[in-house]
Structures are given as C-alpha cells and as structure tokens.
Amino acid sequence: MSRHRNDLEAIARRVMTERGFLPDFSEAARREARRTAEGDRIEDGPGVQDLRGLLWFSIDNADTRDLDQLTVAERLDNGGIRLRVAIADVDAFVPARSAIEEHAHHNTTSIYTAARTFPMLPEELSTDATSLVEGEDRLAMVVEMVIAEDGSTDGSDIYRARVRNHAKLVYQAVGDWLEGADPLPEKAEAVPGIAEQLRLNDEAADRLRRRRHERGALNFDTSEVRPVFHNGSLADLAEERKDRAKEMIEDFMITANGLTASFLESRGLPSLRRVVRTPRRWPRIVSLARGHGTDLPPDPSPKALAAFLEERRKADPEGFPELSLSVVKLLGSGEYTVDQPGQPSPGHFGLAADDYTHSTAPNRRYPDLVTQRMLKAALAGLPCPYDAAELEELAVHCTVREDEANKVERQVRKSAAALLIAPRIDDWFDAIVTGASEKGTWVRTSSRPIVEGRVVHGHHGLDVGDRVRVRLVSTDVERGFIDFVR
C-alpha cells in the first residue's frame with residue numbers, strides 16, 4: 001500500500017514520455033538553475049518602481065510554492081478602489097535560447113498529476129528566485145487598475161516594480177473567514193492591516209464579478225478532486241469546491257489578463273489570445289435548458305446562458321454543480337490564437353470577453369512568459385520580440401501541448417481513482433454523463449469516491465448531462481481504466 005505514490009509517479013512519467021513531454025530537466029538546464037540560485041539576484045533596471053512598502057499578500061493552496069501573483073488594494077476618495085496585481089518577473093531569470101527556455105518551450109506547462117507536480121521551470125527558479133515567496137524582495141510586472149463602484153475599470157497601467165509578499169495565505173482559510181464560518185487565519189492576524197486588505201480586495205472582486213456577469217460571463221460551480229495520501233498510500237480523493245477566496249483571485253486574474261491584452265493592443269503589439277469559440281454543441285445545451293423549463297435562443301448567447309445558469313443556481317443549489325459540469329463539457333476547450341492590432345478577436349465565450357490573454361502564471365505556463373516578454377518590449381518602446389510566423393507557431397504548439405498535458409493529468413487521476421475504487425467491483429453508483437462521442441461514453445460518479453469512467457455496455461442513447469445508474473465491472477490502474485455498465 002505504501003507504494004501508491006511511487007507507483008503513480010512511475011505511471012505519470014511513462015504517460016508523459018508517451019505523449020512527448022520531458023519529465024526531467026537536462027543537465028544543462030540544471031546547471032543554469034544552480035548558477036541562478038547561487039549567484040546574485042537580478043538588479044533593478046530603469047523604470048522599476050519600489051513598491052515593497054505596500055501590503056502585498058498572496059492566496060493559494062497550502063502546498064503551493066511557485067507563487068505567481070500578489071495583490072494589494074487602496075480605497076480612493078471618489079469611491080473607486082485602486083487594485084494592483086503583481087506578476088512574478090520570470091523573464092528576468094529565463095534568457096531566450098537558454099537550456100531552461102528550451103525545456104519550458106518544449107513542455108509549455110507545469111503538469112499536475114496525482115503523484116507529483118512536474119514543473120515547467122526548475123524549482124531553483126519556480127519555488128525560489130521567480131516565486132513571490134513570503135518575506136523576500138522580488139521583481140514583478142504590475143497591472144494597476146481603478147475599479148469603480150459599477151465594476152468598470154479605468155486608469156489602468158502596467159509597469160515593472162520590486163515587491164515583497166507580507167503574508168502567504170491559504171484559499172480555504174481565507175474563504176471560510178470571508179464567509180463568516182471561521183476566525184481570521186493566524187497568518188493574516190499576525191500582519192497588521194491584512195484583514196482590512198482582505199475585505200477591500202473582496203469588495204473589489206465583487207464589483208468586477210457583477211460587471212462581468214452583466215456582460216454575460218458564465219458563473220459555474222465546479223470542483224476539483226485532489227488525492228489524499230497517508231504515508232505514501234492513497235487514502236481518498238477529496239473534492240474541493242471553489243470558495244470565496246478562489247473566486248476573488250480568479251476575478252483579479254481574469255481582469256488583469258484582459259487589461260494586458262488591451263495594453264499590448266494600445267501599444268501596437270500583437271498578443272497571444274486565449275479564446276473559447278462559440279460552442280459547437282450549443283443544441284445540446286439548449287436541450288438541457290429545455291429539460292429545466294427554459295428556452296434558450298437557437299444561436300449561442302452567453303447572456304442567455306448566464307441567466308439560465310443563475311436561475312438554476314438559485315432554484316437547485318444541490319444539483320447545480322452537476323449542471324455546471326455538463327455545460328463546461330459542452331462548451332469545449334480553449335485555444336491560443338494570435339491577435340494582430342486592429343483585427344477582430346474571436347473572444348472568449350465563457351468570459352464574454354473580446355480581449356483576453358494569459359499573463360498571470362509565468363512560472364507555470366509558457367504563453368504567459370511569452371506575453372511577459374512582449375509587455376517588456378512595449379514598455380521599452382521596442383518592436384515585438386517574436387515575428388508573426390513565430391507567434392502563429394507558438395499558438396498552435398501551446399494549444400496542442402496544453403491539450404496533451406490535460407490528457408496526462410486526466411489519465412494519472414484515473415489511475416489513482418482506479419486504485420481507490422478497485423475494492424468496489426460490482427457496486428452500483430449514481431452518475432452523470434460527462435462525455436458522449438464515437439470514441440465512447442463517460443460518466444462521473446455523483447458521490448464519493450468521485451471518479452470518472454467509461455460506460456462499456458448500455459451507453460446507447462446517452463448524452464452529456466444525462467443522469468444514470470451504473471455498476472463498476474473492472475479497473476486497470478496502469479492504463480487508468482474504470483469500466484461501468486448501465
């Protein structure tokens with residue numbers, strides 16, 4: 001039993017290799033990382049502001065060490081809230097054409113498996129030199145905005161700065177406090193002014209969220225399943241739902257990404273946009289809504305869909321997570337595209353946004369590092385560091401690699417689920433259909449353990465969103481197979 005984590009890591013390495021990923025860094029990349037860790041820190045350059053005195057803080061998972069973002073807010077006399085979002089300056093430590101850059105370009109993302117995380121950057125960088133760790137001075141790109149009472153943003157700017165994280169906080173603890181369920185976390189209580197910062201940040205996020213939803217941004221209630229190990233043995237798959245603190249950071253990152261795209265456009269530079277096109281399976285979404293007594297228009301409409309989701313959230317809060325999951329699956333995955341200044345963008349259907357890029361996680365995503373380099377060029381009045389052909393190639397490459405990374409994570413997650421559920425062969429489960437195509441039909445169980453598997457018999461006529469009762473008939477840990485019959 002104690003070998004569960006090791007077994008799952010071996011599976012992760014095998015699946016990564018099969019899909020063309022590099023689980024380990026080259027010796028050249030490790031040497032570069034060691035030199036960075038042992039050498040002097042990057043000096044301030046021209047135009048770098050000193051904002052270390054502001055009460056910056058981070059909120060992330062308890063075990064997260066690669067911290068990409070900090071925030072700090074200030075109430076203005078006119079009722080607005082000035083919000084600053086600091087993004088780790090990864091580009092300062094990852095030179096183009098370096099061995100570390102080659103690895104990051106190849107994988108394009110950190111891969112989060114049930115056994116361990118395979119970082120995009122060596123840990124000497126991602127958890128130290130380029131991480132916004134508590135109590136250390138760090139270089140950052142800052143997105144500054146003023147949020148009016150109606151949630152609109154104006155007076156936005158982007159610049160470089162030196163910052164310091166005064167408190168590393170945890171999502172669940174902060175979320176429980178904001179919702180009145182628990183006292184202020186000890187870490188926040190230990191830093192004067194952090195409680196007020198959290199309240200002001202929460203107010204700013206609420207303004208942004210209301211504005212986005214008025215535009216038709218979709219508001220889901222989805223969950224993630226995280227493995228729980230005891231002494232190396234897999235004990236559970238714990239379901240983690242989005243809380244108020246996660247929503248707050250999500251709202252800030254969405255806004256910062258949108259302002260970044262607009263900033264590059266205003267400076268005449270192209271950008272890598274993150275888009276979710278009009279859903280191809282809109283008719284199935286219409287059918288699901290009709291089953292709940294709501295008629296959606298025949299043509300895709302984010303506003304109409306957002307209104308339907310909000311109505312179902314209020315009418316059936318217990319069943320809303322399953323409806324959310326169904327709609328998310330039917331919307332389809334995102335992709336990267338290149339936006340040239342002055343040209344229309346396909347936009348992001350789920351966010352109801354025309355201007356959206358990825359810029360807020362450069363330790364974990366290669367497109368964010370690319371965007372950071374373009375931002376620096378814009379600030380310096382220089383041309384784009386990538387030509388049009390390079391950007392088009394990067395957009396395709398990053399989309400493909402992200403899809404493959406998701407498949408790796410999903411397969412290892414299923415291997416963990418197969419380990420956990422194997423003793424329950426022949427048990428019956430309530431489930432919801434999460435995928436239906438010529439390749440097969442998949443369901444997700446509605447109660448613990450939350451696992452996803454394939455319906456190998458009795459799947460005809462099923463579609464995404466259908467509720468079914470299924471029996472577990474077999475598992476294969478090595479291949480991540482969990483088979484049900486209806």
With a cut-off of 6.0 Å (strictly less than), are more than 12 heavy atoms of other residues, nucleotides or ligands near [atom1] of [X]?
X	atom1	answer
Glu74	CD	yes
Glu239	CD	yes
Arg215	CZ	yes

Would you call [X] and [Y] a salt bridge, using N to O less than 4.0 angstrom?
X	Y	answer
Glu9	Arg5	no
Glu18	Arg14	yes
Glu247	Arg244	no
Arg273	Asp355	yes
Arg281	Asp463	yes
Arg364	Asp68	yes
Arg479	Asp476	yes
Arg444	Glu322	no
Arg75	Glu203	yes
Arg212	Asp251	yes
Asp221	Lys242	no

Partners meeting salt bridge (Lys or Arg N to Asp or Glu O under 4.0 Å) with Arg454 (sequence neighbours left out)
none
Check salt bridge (Lys or Arg N to Asp or Glu O under 4.0 Å) between Arg373 and all other residues, then give those that pass, not counting sequence neighbours.
Asp91, Glu101
Taking all atoms of both residues into account, what is the closest heavy-atom pair of [X] and [Y], and its distance?
X	Y	result
Pro302	Phe349	CD-CE1, 3.5 Å
Leu76	Val146	CD1-CG1, 3.8 Å
Thr445	Ile450	OG1-CA, 3.3 Å
Val464	Leu288	O-CD2, 3.9 Å

With no hydrogens and no angle check, do the side chains of [X] and [Y] hold a donor and an acceptor under 3.5 Å apart?
X	Y	result
Gln197	Asn201	yes
Ser126	Asn363	no
Asp483	Ser474	yes

Whether the side chain of [X] engages the backbone of [Y] through a donor-acceptor N/O pair (distance < 3.5 Å, no angle test) should be reported.
X	Y	answer
His348	Leu351	yes
Thr371	Pro367	yes
Thr108	Ala104	no
Ser266	Phe263	yes
Thr294	Arg290	no

Could you tell me whether [X] sits above the aromatic face of [Y], with NZ or CZ closer than 6.0 angstrom to the six-membered ring centre and within 45 degrees of the axis?
X	Y	value
Arg199	Trp177	yes
Arg486	Phe484	no
Arg312	Phe320	no

Working to the nearest 0.5 angstrom, can you tell me the gap between Asp66 CG and Thr127 OG1?
7.5 Å
When you compare the side chain of Asp176 with that of Asp243, does any pair of heavy atoms fall below 4.5 Å?
no
So, do Leu375 and Ile158 sit near enough that their side-chain heavy atoms are less than 4.5 Å apart?
yes
For residues 414-435, pull every pair meeting side chain to side chain donor-acceptor pair (under 3.5 Å), keeping only residues two or more places apart or in separate chains.
Arg424-Asp427, Asp426-Arg471, Asp430-Arg469, Thr434-Glu452
Pairs in or reaching into residues 394-403: which pass side chain to side chain donor-acceptor pair (under 3.5 Å), with residues at least two apart or in two chains?
Arg274-Glu402, Tyr336-Glu402
Once ring-ring contact (aromatic ring centres under 6.0 Å, His included) is applied, what residue pairs with a partner in residues 273-306 remain, sequence neighbours excluded?
none
Residues forming a side chain to side chain contact (heavy atoms under 4.5 Å, CB included) with Ala306, sequence neighbours excluded
Leu218
Can you confirm whether or not the ring centre of His4 sits under 6.0 Å from the ring centre of Phe229?
no
Audit row: Asp150, Ser152, side chain to side chain donor-acceptor pair (under 3.5 Å) steps and yes/no
CA-CA 6 Å; Asp150 65 357; Ser152 61; 2.7 Å; yes
Just do the side chain to side chain contact (heavy atoms under 4.5 Å, CB included) check on Val443 and Ile432 with the steps written out, would you?
CA-CA 5 Å; Val443 295; Ile432 186 169; over 6 Å; no
